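Reviewing the structure listed below.
Please read all numbers here as calculations on a predicted model, not as lab measurements. Proteins come first, then strands; the chains are lettered A, B, ... in the order of their sequence lines, and each starts at number 1.
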Protein chains: 2
Amino acid sequence: MELAAAKLKFIEAWGKLGSEWGINRTMAQVHALLLISPEALTTEEIMENLSISRGNANMTLRDLIGWGLIEKQHKAGERKEYFFADKDVWNIARQVAKERKKRELEPVLKVLNELSAVTGDEKDPELITFKKSVADINKLAGNVDKTLETMLKAEESWFWGSVLKVFK
Amino acid sequence: MELAAAKLKFIEAWGKLGSEWGINRTMAQVHALLLISPEALTTEEIMENLSISRGNANMTLRDLIGWGLIEKQHKAGERKEYFFADKDVWNIARQVAKERKKRELEPVLKVLNELSAVTGDEKDPELITFKKSVADINKLAGNVDKTLETMLKAEESWFWGSVLKVFK
DNA sequence: ATAAACTTTCAATAATTTTTGAAAGTTTAA
DNA sequence: TTAAACTTTCAAAAATTATTGAAAGTTTAT
């Protein structure tokens with residue numbers, strides 16, 4: 001396969017994966033484009049490459065910066081802003097884990113804790129089932145949270161080394 | 001907090017979490033409702049409880065069965081079908097991991113492998129960057145895949161026991 | 001100060017996803 | 001059979017989400 005075709009395929013696959021995981025398809029595609037680009041790109045170049053509008057490009061780039069996945073770069077003597085992606089895949093994974101933990105896992109843990117305090121007739125099967133489900137989910141979410149916490153601090157090789165030992 | 005209010009809050013939170021992770025909100029809500037219900041429920045009851053239409057309820061229930069998260073139950077001497085959710089949270093996590101691995105991770109791994117075979121001028125920075133990114137993602141995805149594989153086979157306590165040892 | 005180069009905003013529009021509900025389909029009992 | 005009870009389908013409508021593009025805003029050089 002030729003590079004040009006491979007790039008298109010990669011961008012498409014990354015976009016699809018993103019949309020399946022609740023990430024805007026265009027955002028994932030812009031990220032993909034920057035990931036495989038050796039040089040930082042301008043808004044203009046990104047617009048052309050992906051056939052998207054200026055407004056869309058601008059908002060998407062802003063979001064990606066908010067996720068900590070890309071950065072702006074200024075070139076000496078140039079007015080234009082250039083964008084480039086962190087190419088370290090472990091950093092990317094950590095960054096995504098960190099943001100989703102903060103944006104989604106933590107709010108859910110908060111709600112679950114509130115729900116643990118539900119009151120009522122302790123003999124009511126409805127209440128018993130409810131409390132059991134909430135407690136079980138809470139426990140699982142807590143373990144996920146701790147594991148992510150470890151991952152955030154860890155070096156890639158150490159993390160996978162440790163986790164994959166589970167096979168022995 | 002009263003049980004009735006807590007239920008609503010739980011259903012809402014579960015629905016929101018689902019939608020953030022690419023799962024239809026209604027589907028997550030139906031799942032939440034069944035999770036906290038000690039008894040199996042009929043389509044009718046689910047429709048009323050969540051104020052959704054018959055068609056929506058039917059499709060959503062079918063999807064949940066497809067995900068292996070709920071099952072039909074037949075009660076002796078009754079025409080109606082009842083639905084109930086597996087209450088074991090570890091089973092739920094495994095089931096979701098299994099389906100998403102199959103539906104999303106595996107297709108991506110397949111594409112990444114195809115993309116590894118890209119050809120071109122080995123001195124071209126574009127090609128070098130592309131190959132590096134694809135290889136790195138491939139490696140990470142492979143590790144995730146192996147870890148999920150282990151999780152699918154594992155007992156909850158053993159799995160978390162092993163993974164959380166990483167802290168010591 | 002001016003204007004060119006560039007970035008951001010946001011109301012309108014388009015695309016996508018979800019939901020509805022009535023009609024068609026199926027199963028069971030008599 | 002027939003009809004009642006129940007389930008499924010799917011085209012149309014509604015709701016949600018993403019995108020456009022032109023106007024407004026900002027920065028820099030002169």
Separation of [X] atom [atom1] from [N] atom [atom2], in whole Å?
{"X": "A:Leu50", "N": "D:dT19", "atom1": "CG", "atom2": "C1'", "value": "13 Å"}
{"X": "A:Gln73", "N": "C:dT7", "atom1": "CD", "atom2": "P", "value": "14 Å"}
{"X": "A:Ile23", "N": "D:dT17", "atom1": "CD1", "atom2": "C1'", "value": "15 Å"}
{"X": "B:Tyr82", "N": "D:dC6", "atom1": "OH", "atom2": "P", "value": "9 Å"}
{"X": "B:Gln29", "N": "C:dT18", "atom1": "CD", "atom2": "P", "value": "13 Å"}
{"X": "A:Asp63", "N": "C:dT7", "atom1": "CG", "atom2": "P", "value": "17 Å"}
{"X": "A:Glu44", "N": "C:dA5", "atom1": "CD", "atom2": "C1'", "value": "11 Å"}

Under 3.5 Å donor-acceptor pairs involving side-chain atoms of residues 141-153 of chain A, not counting sequence neighbours:
{"unit_1": "A:Asp145", "atom_1": "OD1", "unit_2": "A:Lys101", "atom_2": "NZ", "d": "2.9"}
{"unit_1": "A:Thr147", "atom_1": "OG1", "unit_2": "A:Asn143", "atom_2": "O", "d": "2.9"}
{"unit_1": "A:Glu149", "atom_1": "OE1", "unit_2": "A:Lys101", "atom_2": "NZ", "d": "2.9"}
{"unit_1": "A:Thr150", "atom_1": "OG1", "unit_2": "A:Lys146", "atom_2": "O", "d": "3.1"}

Quiz prompt | salt bridge (Lys or Arg N to Asp or Glu O under 4.0 Å) contacts in which one or both residues fall within residues 107-118 of chain B, not counting sequence neighbours | solution = A:Lys9-B:Glu114, B:Lys110-B:Glu114
Practice problem: Not counting sequence neighbours, list each pair that qualifies as a salt bridge (Lys or Arg N to Asp or Glu O under 4.0 Å) and has a residue in residues 18-28 of chain B. | Solution: B:Lys16-B:Glu20
Exercise. Decide whether B:Trp21 and A:Glu104 meet the rule of one side-chain donor and one side-chain acceptor closer than 3.5 Å.
Key: yes
Practice problem: Summarise protein proximity over nucleotides 8-17 of chain C in one line of letters, 5' to 3': B for base, S for sugar-phosphate only, - for none, counting protein heavy atoms closer than 4.0 Å. | Solution: BBB-------
Practice problem: Is it possible for you to say whether B:Leu50 and B:Met47 belong to one hydrophobic cluster, with membership spreading through side-chain heavy-atom contacts below 4.5 Å? | Solution: no
Partners passing side-chain hydrogen bond (donor to acceptor under 3.5 Å, both in side chains) against [X] (at least two apart in sequence or in another chain):
{"X": "B:Thr42", "result": "B:Glu45"}
{"X": "B:Glu126", "result": "A:Lys7"}
{"X": "B:Asn113", "result": "B:Asn138"}

Exercise. Would you classify B:Ser19 as touching base, sugar-phosphate or nothing, given that sugar-phosphate means primed atoms plus P, OP1 and OP2, and contacts are heavy atoms under 4.0 Å?
Key: nothing
Exercise. Determine the contact category for B:Thr60: base if any of its heavy atoms lies under 4.0 Å from a base atom, sugar-phosphate if only primed atoms, P, OP1 or OP2 are that close, otherwise nothing.
Key: nothing
Practice problem: Just need the stems in DNA chain C: three or more back-to-back Watson-Crick or G-U pairs, each with both distances under 3.5 angstrom, sorted by first number. | Solution: C:1-30 with D:1-30
Would you tabulate the side-chain donor-acceptor contacts of residues 156-164 of chain B under 3.5 Å, counting partners in other chains and residues two or more places apart, or write 'none'?
{"unit_1": "B:Ser162", "atom_1": "OG", "unit_2": "B:Trp158", "atom_2": "O", "d": "2.9"}

Measure all distances between protein nitrogen or oxygen atoms and nitrogen or oxygen atoms of nucleotides 27-30 of chain D, and list the pairs falling under 3.5 Å.
{"unit_1": "D:dT27", "atom_1": "O2", "unit_2": "A:Arg79", "atom_2": "NH2", "d": "2.7"}

Practice problem: Using the test side-chain contact (heavy atoms from CB on, under 4.5 Å), find all partners of B:Ala6 that sit at least two apart in sequence or belong to another chain. | Solution: A:Leu115, A:Val118, A:Phe130, B:Met1
Identify every side-chain donor-acceptor pair in residues 60-70 of chain B under 3.5 Å, counting partners at least two apart or on other chains, and give the distances.
{"unit_1": "B:Thr60", "atom_1": "OG1", "unit_2": "B:Asn56", "atom_2": "O", "d": "2.9"}
{"unit_1": "B:Thr60", "atom_1": "OG1", "unit_2": "B:Asn56", "atom_2": "OD1", "d": "3.3"}

